[in-house]
Amino acid sequence: MQLRIPGPTPCPPQALEAMGWQMMNHRGKEFGEILKSITERLKRVFQTSGDVLVLTASGTGGMEAAIVNTLSPGDKVLSISNGFFGERFGEIARSYGAEVTSLASEWGHPVDVDALDRALKADRDIKAVLVVHNETSTGMTNRLKEISTVTRNYDKLLLVDAISSLGCINLPTDDWNCDVVVTGSQKGWMVPPGLAMVGVSERAWQAHAHAKMPRYYWDLGKARSMLEKWQTPWTPAVSVFYALDVTLDMMLSEGLDNIFARHARVAEMARERVKSLGLSLYVGEEYASDTVTAVSASDRIDVPRLVRVLRDEHDVVISGGQGKISGQIFRIGHLGMVCEDDIQVVLEALSKALPQAQKG
Ligand SMILES: *Cc1c(COP(=O)(O)O)cnc(C)c1O
């Protein structure tokens, strides 16, 4: 089966085998060694000398942690929004009482970096900027480097949802001055769902000291102090740690640059093949994501039927659209364990399935 959705992604057999290992005492020495080694290797992938904390949560738990650990009710927050997950990030902040303004562009369209500059200039009280690095819902990568240059100029906290980019697309946390960076185990990390990994800068810790949003399970301060003893505050998803222990070795032996290059190659191939079938991409190619390709269904393709035919007759699983563009696009995930041969299989199946999914 070709599971080509943007998470959960396929896991290598070694990771699946690790998921079956016997439990151990999560407060014992053995687990401590695994946690220490995972933490040290995660820092290399995050490209940070700051802290990286591993929470037992899906990605959204990590997004919530980013908000509640750095902000107080009433704080002004600017939420960059050009897709489903950008909207979610703003909603989380709003539900904890932040005063959220959206800097929105149409879904699938890039953020206007000059507008960001103007917005931060116009309101000096804005405390933090929220951004999704790779907007999985539209298959678009936001220009995080340029965005971070602006937020640095105005000395704002930058909270980043990198759930579907980290470990696949270059994101140098420290160089780009990102304060909190969140990712999730079931995306590029090639392990099952269950862990959110959160990078925290020194500036974010300073904000944490004054942040008054309610928090308990997601208190990163508790996670940091327990990490001094190589433990987690609450019982961790031990089996997913075993799997991550295995895939981090695979990732670091492949090398970050090679991983980024492989994702870029595979994505380029996906885009070229999609276009050669006479289909159009949902976003401009200069912003197209290296981890998920969104294809316009126009009014010709019945997306639910296409997804069904691919699954039932070709053993290929892809995604439809999310939220307000459901039915208008379909998405091919190509992150984590993926190579050119996989894309070849998916696009061959797509070319066979398309005639069966025409509308009218
Ligand atoms: C998958 C994803 C999420 C949601 O993560 P969950 O693990 O489902 O909570 C959030 N943001 C982005 C960009 C994602 O790709």
Side-chain angles (χ1 to χ4, degrees), residues 3-11 46 53-68 79-95 104-105 107-108 110-111 129-144 147 158-171 173 178 180-199 217-218 236-237 240 243-244 263 267 282-283 287-294 317-326 329-336 338:
L3 180 64
R4 292 299 153 203
I5 61 174
T9 63
C11 303
F46 274 69
L53 301 165
V54 187
L55 313 178
T56 289
S58 81
T60 307
M63 294 165 81
E64 187 158 324
I67 302 281
V68 300
S79 175
I80 293 177
S81 172
N82 52 0
F84 185 79
F85 292 109
E87 289 184 0
R88 178 179 296 181
F89 216 178
E91 260 169 44
I92 297 171
R94 205 170 282 123
S95 49
S105 43
W107 282 29
V111 179
V129 173
L130 314 181
V131 66
V132 177
H133 181 207
N134 186 73
E135 187 43 89
T136 317
S137 65
T138 61
M140 187 182 151
T141 305
N142 280 310
R143 296 241 158 121
L144 185 57
I147 291 165
L158 181 58
L159 312 184
V160 184
D161 169 350
I163 293 175
S164 65
S165 56
L166 210 82
C168 309
I169 300 173
N170 188 30
L171 198 185
T173 298
C178 300
V180 183
V181 174
V182 180
T183 183
S185 57
Q186 81 277 23
K187 305 282 171 120
W189 306 88
M190 305 180 285
V191 298
L195 301 179
M197 294 81 99
V198 184
Y217 192 79
W218 301 131
V240 194
L244 183 60
H263 281 86
Y282 183 66
V283 301
Y287 306 104
S289 164
D290 284 346
T291 61
V292 53
T293 294
V317 180
I318 63 163
S319 294
Q322 280 170 298
K324 67 182 183 191
I325 55 170
S326 150
I329 62 166
F330 61 88
R331 294 173 298 150
I332 303 165
H334 34 76
L335 66 171
V338 64

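We count ligands from 1, going down the list as the structure has it; atoms in each ligand are counted the same way. Along the sequence shown, residues carry numbers from 1. FYI, side chains are in, hydrogens and waters are out, and symmetry mates aren't considered; it's all heavy atoms of this structure.
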Practice item. Please report the shortest heavy-atom distance between Phe85 and Asp161, naming the atom on each side. Key: CB-OD2, 4.1 Å
Exercise for review: Give the atoms of ligand 1, by number and element, whose distance to some non-hydrogen atom of Ser58 is under 4.0 Å.
Suggested key: 6 (P), 7 (O), 9 (O)
Check your understanding: Among protein heavy atoms, which lies nearest atom 3 (C) of ligand 1, and at what distance?
Key -> Phe85 CE2, 3.4 Å
**Study point:** Glu135 heavy atom under 4.0 Å from ligand 1
**Key:** no
Review point. Gln186: heavy atom below 4.0 Å from ligand 1, yes or no?
Key: yes
Review point. Looking at Thr60, which atoms of ligand 1 are within less than 4.0 Å of one of its heavy atoms?
Key: 4 (C), 5 (O), 6 (P), 9 (O)
Review point. Does Ile163 reach ligand 1 with a nitrogen or oxygen that is under 3.5 Å from one of the ligand's nitrogen or oxygen atoms?
Key: no
Point to revise | Any N/O pair Asn134/ligand 1 closer than 3.5 Å | key: no
Exercise for review: Could you tell me which atoms of ligand 1, counted from 1 in the order shown, lie closer than 4.0 angstrom to a heavy atom of Arg88?
Suggested key: 4 (C)
Point to revise | Protein contact to atom 14 (C) of ligand 1 [nearest heavy atom, distance to 0.1 Å] | key: Lys187 NZ, 3.0 Å
**Study point:** Geometric N/O contact Asp161 with ligand 1, under 3.5 angstrom
**Key:** yes
Practice item. Would you please say whether a donor-acceptor pair under 3.5 Å links the side chains of Trp107 and Ser137? Key: no
Exercise for review: Heavy-atom contacts with Thr136 under 4.0 Å: which atoms of ligand 1 show up? List them by number with element.
Suggested key: 12 (C), 13 (C), 14 (C), 15 (O)
Review point. Taking atom types as modelled, is there a side-chain donor on His334 or Thr293 under 3.5 Å from an acceptor on the other?
Key: yes
Study note, to complete from the structure: Pro193 and Pro8 have their tightest heavy-atom pair at CG-CG, 4.0 Å
Review point. Just by distance, with hydrogens left out, do Asn134 and Asn142 show a side-chain donor and acceptor under 3.5 Å apart?
Key: no
Check your understanding: Where do Ala162 and Val181 come nearest, in terms of heavy atoms and distance?
Key -> CB-CG1, 3.8 Å
Exercise for review: With heavy atoms of Val132 as the reference, note each atom of ligand 1 found under 4.0 Å away.
Suggested key: 13 (C)
Exercise for review: Check whether any side-chain heavy atom of Phe84 lies under 4.5 Å from a side-chain heavy atom of Val132, and answer yes or no.
Suggested key: no
Point to revise | Positive for side chain to side chain donor-acceptor pair (under 3.5 Å) with His133, one of Ser164, Ser165, Ser289 | key: Ser165
